[in-house]
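In each ligand, atom 1 is the first atom listed, and ligand 1 is the first ligand listed.
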Amino acid sequence: MSNAIPYPLAPTPFPKDVMQIISDLSEMHALACRLRREGISIGLVPTMGAFHEGHLSLMRRARAENDVCLTSLFVNPTQFVRGEDLSRYPRDPEADARMAEGAGCSILFVPETEAVYPEGFATYVEPTRLTDHLCGLSRPGHFRGVATVVLMLFELTRPVRAYFGRKDYQQIKVIERMVKDFHLPVEIVPMPLVRESGGLAMSSRNRYLSTEERRSATVLFRALQAARSRFEAGERNPATIRDLMRDTLLSEPQTVIDYVSVSHPETLEELDRIEERALAALAVRIGPARLIDNTVLGEPMADVFAEGAV
Ligand code: PAF
């Protein structure tokens, strides 16, 4: 029998069908680098947990398009603005782990806050321009926290692709810009918005709503539908479409409007006149929840309707 050591060493097979949970940053980084070296592609799904069908659709797609689906679960404190819901943000780690594994996720990365932001942390990514609009105005500092943690996640997990839901339209634009500006070797994959059967966009924050509030919250979808119908009937004046959405929202007495916007789908600047496409976007408070929703006028609606509510 020969004592020769085979060269190159055969890579250790990576178990894709049993999900491993990693919380240590160095362990995550070492594994991600090893998989990259061995040509095993990672599809990253960055999340803050409290999974619903929207998250699961991203995980399934990540698994289908890559060798490995890696989901990160981290409730990122730096993206919560003062007075927001950080301390009561829904957390259900056991259910999340079961759901992620069921959706084909091979690695669940669950870092500790103290490890991500150690004592003395002082470096942030500061997105500009795109954040002068929409949620950037009502949640100052929010996208700085998002961009900072997403850049860190890209560095720690080395994904080939990263998946984000279109409910957070502005977040996708900010991250796409960061990827361009920093020449990051990752493809951003925007994924269709997933709605409950009544039209409410799925969100972890829907868990804050009572049955009655959940029913009222379908008004966001109704307002966007009204905007789409008016646009399809030929309306090109954004002011008229904003008024229509505002009136529809206010037909539900519980609604407190944060913003109603018709903007350029790339720059997010408010429009005076719609040429071909426009982003219609809303943010409202209903009871304890701040809810956002959007649609792109001039594009076919690609939203997915899932049964039931989580
Ligand atoms: O969309 C989210 O859940 C978060 O903003 C993200 C991208 C995971 C960053 O914390």
A.B. asks: Report the distance from atom NE2 of His183 to atom CE of Met178, rounding to the nearest 0.5 Å.
C.D. replies: 12.5 Å

A.B. asks: For atom 2 (C) of ligand 1, what's the nearest protein heavy atom and its distance?
C.D. replies: Gln171 NE2, 3.9 Å

A.B. asks: For ligand 1, which atoms have a heavy atom of Thr47 less than 4.0 angstrom away?
C.D. replies: 8 (C)

A.B. asks: Under a 4.0 angstrom heavy-atom cut-off, which atoms of ligand 1 come close to Val149?
C.D. replies: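 Near Val149, meaning under 4.0 Å from one of its heavy atoms, ligand 1 has 9 (C), 10 (O).
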
A.B. asks: Taking distance alone, with no angle check, do Gln79 and ligand 1 share an N/O pair under 3.5 Å?
C.D. replies: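 Yes, at least one N or O pair falls under 3.5 Å.
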
A.B. asks: Is the closest basic N to carboxylate O distance between Arg205 and Asp85 below 4.0 Å?
C.D. replies: yes

A.B. asks: Under 4.0 Å from any heavy atom of Pro46, which atoms of ligand 1 are there?
C.D. replies: 8 (C)

A.B. asks: Please determine if Glu275 and Arg236 form a salt bridge, counting it only when a charged side-chain N lies under 4.0 Å from a carboxylate O.
C.D. replies: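 Not counted as a salt bridge, because no side-chain N and carboxylate O are separated by less than 4.0 Å.
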
A.B. asks: Locate the shortest heavy-atom distance separating Ile42 from Arg158; write the atom from each residue and the value.
C.D. replies: CB-O, 4.2 Å

A.B. asks: When only distance counts, is Asn76 in polar contact with ligand 1, meaning an N/O pair under 3.5 Å?
C.D. replies: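 Among all N and O atoms of Asn76, none is under 3.5 Å from an N or O of ligand 1.
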
A.B. asks: Under the side chain to side chain donor-acceptor pair (under 3.5 Å) test, which residues partner Asp243, sequence neighbours left out?
C.D. replies: Arg246

A.B. asks: Are Phe305 and Phe221 close enough that their ring centres sit under 6.0 Å apart?
C.D. replies: yes

A.B. asks: Note the single closest protein heavy atom to atom 3 (O) of ligand 1, along with its residue, its atom name and the distance in Å.
C.D. replies: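 That would be Met48 CG, 3.6 Å.
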
